[in-house]
Amino acid sequence: MISKAVDWVNFVACQLFALLMAVWFRLYLHPSKTSPFIRHVVATLLGFYLALFCFGWYSLHFLVQSGLSYSVMVFAGLENMHKSCSLVFDYGMYSADFTGPMMVITQKITSLAFEIHDGLTKREGQLTPSQKYLAISRMPSLLEYLSYNCNFMGILAGPTCSYNDYMAFIEGTCYEPRHHQENANGKENGKYKQSEPSPKNDVISKLCTCAISLAIYLSLCKLLPVEHSIDNDFVNSTPFHLQVVYLYFAMLALRPKYYFVWTLADAINNAAGFGFNGYNKDGSPRWDLISNLRILDIEFATSFKMFLDNWNIQTALWLKRVCYERCPINPTAATFLLSAMWHGVYPGYYLTFLTGIAMTMAARAVRHNIRPYFLVSDSYKCVYDVITWAWTQVAISYTVVPFVLLAVGPSLKFYRSWYFCLHLLCLLVVLALPVKSRRRQVKEQQDGLQKDGLQKDGLQKDGLQKDGLQDGQTEHNSTDNNCNQKDKAT
């Protein structure tokens, strides 16, 4: 416990130091005042200093992982670099608490490998719009690579980001219009804003969120431990509905730890000038380009997917880009499995993500088959939202328990105390309410659009032909009339 407390103090102290350095970096090493080379060097050296302070010589793992992966990218060839780099990552053995940074570096290395592969080996027609934007057309230098992986803003807690976004921040072009993003075009009265927006208000707001989250976590984490849900006395003496309520509040008390860590990391990046995402409709700047969560959307999520879409957002985007969009067979299962492997070797991770597959499929089936019946009126939809909110919170809590307990024994003990009820319910729902895969739905929609387009083209052609015939008939009739008039005149 003392060791964990010291780790926490070191982490918070280093992040507060990084926050001060971020403000200094933005003011005194602004792109207008210094070169990208200097910004790369300073960001990298500060990152290594923080890593050395927090983890000692364990921080050499960051250099080894980054250096080995860079060598693979250089020597493996363009066709295979993205596959080779995916094998070079840490599996999460918690002998020292440096695996968090290793996990973020893993995301960056694999993302970069795929982005270089897309940019140098594929034609534009083979890429999706987002892949076109992320594609990299030249091999980064070693300094750029180390700066991207180990900069002081994200070395301890991330979040991950795309290489192009990071380079735009370093070079000072991140405030230019971003045509690929909705509601982020930076327009005001038809003209682009020229002044550089200040992140001050957003940083202050996020720091307030950090303070509240930390206070809630420290107040409740010991009062509502998740481990209490598998205590024999608690299980035997507590009615099942109260066990459900306790589990919900235990998970509710655990989440502020992640809110604190990720929001503080976001504030540090924003303070350095990184994270600008265009403007809102009212003209206020958005600083959520690399935000990792949306707290209100998480706590009031009405579906399993909505919860996941707003939790650890950058990791979800990474999984989508490197796995879901590229996996030809069962991308949902492959994505959950990759997520488990990325988190580490603890069995609890695999139990959580395997359960997540079943939950996702069941939630998708319910949404496609039952939700339409509740959209007939606002009152029906309100009832549906309340029911699905309660179900989502219980399902998330039930799914995540092994992630917290980590070991097989305690995790299975918990599921046995609940009689594997949600697993069985998900199985019944999936069997009773089959739903088409998303890719098949998209394909059918595209086929339908193509058919509609062909039908419209056919109708237009028929219309043109009819118009042509009518015009011909009109011209023929007018010519006949003119001839008759001439005959009469003669």
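Remember, it's a predicted structure, so these values are computed and weren't measured experimentally. When a residue number appears, it is its place in the shown sequence, counting from 1.
Among all heavy-atom pairs drawn from G273 and C174, the shortest one is O-SG, 4.1 Å. Of all non-hydrogen atoms in D165 and S162, the two that sit nearest each other are OD2-OG, 2.9 Å. Taking every heavy atom of both residues into account, A253 and L224 meet most closely at CB-CD1, 4.2 Å. For I105 against S66, the heavy-atom pair with the smallest separation is CG2-OG, 3.9 Å. A157 approaches Q15 most closely through the heavy-atom pair CB-NE2, 3.9 Å. Summarising the geometry of S411 relative to G348, their closest heavy-atom pair is OG-CA, 4.4 Å, with the distance given to 0.1 Å.
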Decide side chain to side chain contact (heavy atoms under 4.5 Å, CB included) for Y248 and V394; before the verdict, give the C-alpha distance in whole Å, the side-chain angles of both, and the deciding distance to 0.1 Å. CA-CA 6 Å; Y248 166 69; V394 173; 5.8 Å; no
Begin with the C-alpha distance, continue with both residues' side-chain angles, and end with the deciding distance and a verdict on side chain to side chain contact (heavy atoms under 4.5 Å, CB included) for M359 and L422. CA-CA 8 Å; M359 293 290 179; L422 295 193; 3.6 Å; yes
Step-by-step ring pair (Phe, Tyr, Trp, His ring centres under 6.0 Å) determination, F25 to F152: CA-CA 10 Å; F25 191 83; F152 74 97; 5.6 Å; yes
Could you give me the CA-CA distance, side-chain angles and deciding distance for Q65 and L68, then say whether side chain to side chain contact (heavy atoms under 4.5 Å, CB included) is met? CA-CA 5 Å; Q65 185 187 28; L68 180 59; over 6 Å; no
Given Y145 and S69, is the side chain to side chain contact (heavy atoms under 4.5 Å, CB included) satisfied, shown in steps? CA-CA 10 Å; Y145 180 78; S69 299; 3.3 Å; yes
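Remark: the backbone N or O of F307 is not paired with any side-chain donor or acceptor of N310 at under 3.5 angstrom. Side-chain N or O atoms of T128 include one that pairs as donor or acceptor with a backbone N or O of Q131 at under 3.5 Å. A distance-only check finds a donor-acceptor pair linking the side chain of R326 to the backbone of R321 [under 3.5 Å]. The backbone N or O of L27 sits nowhere less than 3.5 Å from a side-chain atom of H30 that would complete a donor-acceptor pair. No donor-acceptor pair closer than 3.5 Å links the side chain of K122 to the backbone N or O of H117. In this structure, S339 contributes its side chain and T335 its backbone to no donor-acceptor pair below 3.5 Å. Looking at N277, its side chain never comes within 3.5 Å of a backbone N or O of R286 through a donor-acceptor pair. In this structure a side-chain-to-backbone donor-acceptor pair under 3.5 Å is present from Y70 to P140. Judged by distance alone, with hydrogens and angles left aside, the side-chain atoms of N151 form a donor-acceptor pair with the main-chain N or O of G154 at under 3.5 Å. Put simply, the side chain of T399 never gets that close to the backbone of T355: no donor and acceptor are under 3.5 Å apart.
Residues F300 and Q393 have side chains not in contact (no heavy-atom distance under 4.5 Å, counting atoms from C-beta outward). Under the 4.5 Å side-chain criterion, counting only non-hydrogen atoms from C-beta, V42 is in contact with W24. Within the 4.5 Å cutoff, the side chain of T360 has no heavy atoms near those of the K305 side chain. Between L214 and C210 there is no side-chain heavy-atom pair separated by less than 4.5 Å. Between E144 and S147, the closest side-chain pair of non-hydrogen atoms is not below 4.5 Å. Between Y349 and P402, every side-chain heavy-atom pair lies at or beyond the 4.5 Å cut-off. Side-chain contact between Q314 and V104 is absent, with no heavy-atom pair separated by less than 4.5 Å. V366 has its side chain out of reach of T388: every pair of non-hydrogen atoms, C-beta onward, lies at least 4.5 Å apart.
Residue M361 places its CE atom among 12 or fewer non-hydrogen atoms of other residues, nucleotides or ligands, all under 6.0 Å distant. Remark: Q126 CD is packed, more than 12 non-hydrogen atoms of other residues, nucleotides or ligands lying under 6.0 Å away.
Ring geometry for H228 versus Y246: interplanar angle over 60°, hence perpendicular rather than tilted (30 to 60°). The aromatic rings of W418 and F414 sit tilted relative to each other, their planes meeting at an angle between 30° and 60°. Note: W287 and Y175 have perpendicular aromatic rings, judged against thresholds of 30 and 60 degrees for the angle between ring planes. In this pair, H40 and Y166 present their aromatic rings tilted. The plane angle is within the 30 to 60° band.
The cationic group of R39 lies under 6.0 Å from the six-membered ring centre of F169 and within 45° of the ring axis, placing it in a cation-pi geometry. Stacking of K108 on the aromatic ring of Y163 is not recorded, the 6.0 Å distance cut-off and the 45° axial limit not both being met.
Here I38 contributes atom CD1 and I170 contributes atom CD1; the two are 11.5 Å apart, rounded to the nearest 0.5 Å. The OH atom of Y49 lies 8.5 Å from the CG atom of L52; values are rounded to the nearest 0.5 Å. Atoms CE and CD1, on M306 and I298 in that order, are 10.0 Å from each other to the nearest 0.5 Å. Remark: I109 CD1 to T106 OG1 distance equals 6.0 Å, nearest 0.5 Å. Interatomic distance, L319 CG to C323 SG, rounded to the nearest 0.5 Å: 7.0 Å. Put simply, CZ on F249 and CG on L254 are 15.0 Å apart, with the number rounded to the nearest 0.5 Å.
Judged by distance alone, the side chains of Q107 and T315 do bring a donor and an acceptor atom under 3.5 Å apart. Judged purely by distance below 3.5 Å, without hydrogens or angles, the side chains of S303 and W389 never pair a donor atom with an acceptor atom. Between the side chains of E299 and Y259, at least one donor-acceptor pair of N or O atoms lies under 3.5 Å.
Note on residues 262-274: pairs passing side-chain hydrogen bond (donor to acceptor under 3.5 Å, both in side chains), not counting sequence neighbours, are K206-D266, K206-N270, D266-S291.
Taking the six-membered ring where the residue is Trp, the centroids of Y398 and Y415 are separated by under 6.0 Å. Aromatic pair F62/F48: ring centres not closer than 6.0 Å. Side-chain rings of F403 and H343 approach one another, their centers coming within less than 6.0 Å. Between Y258 and W311, the ring center distance clears the sub-6.0 Å criterion.
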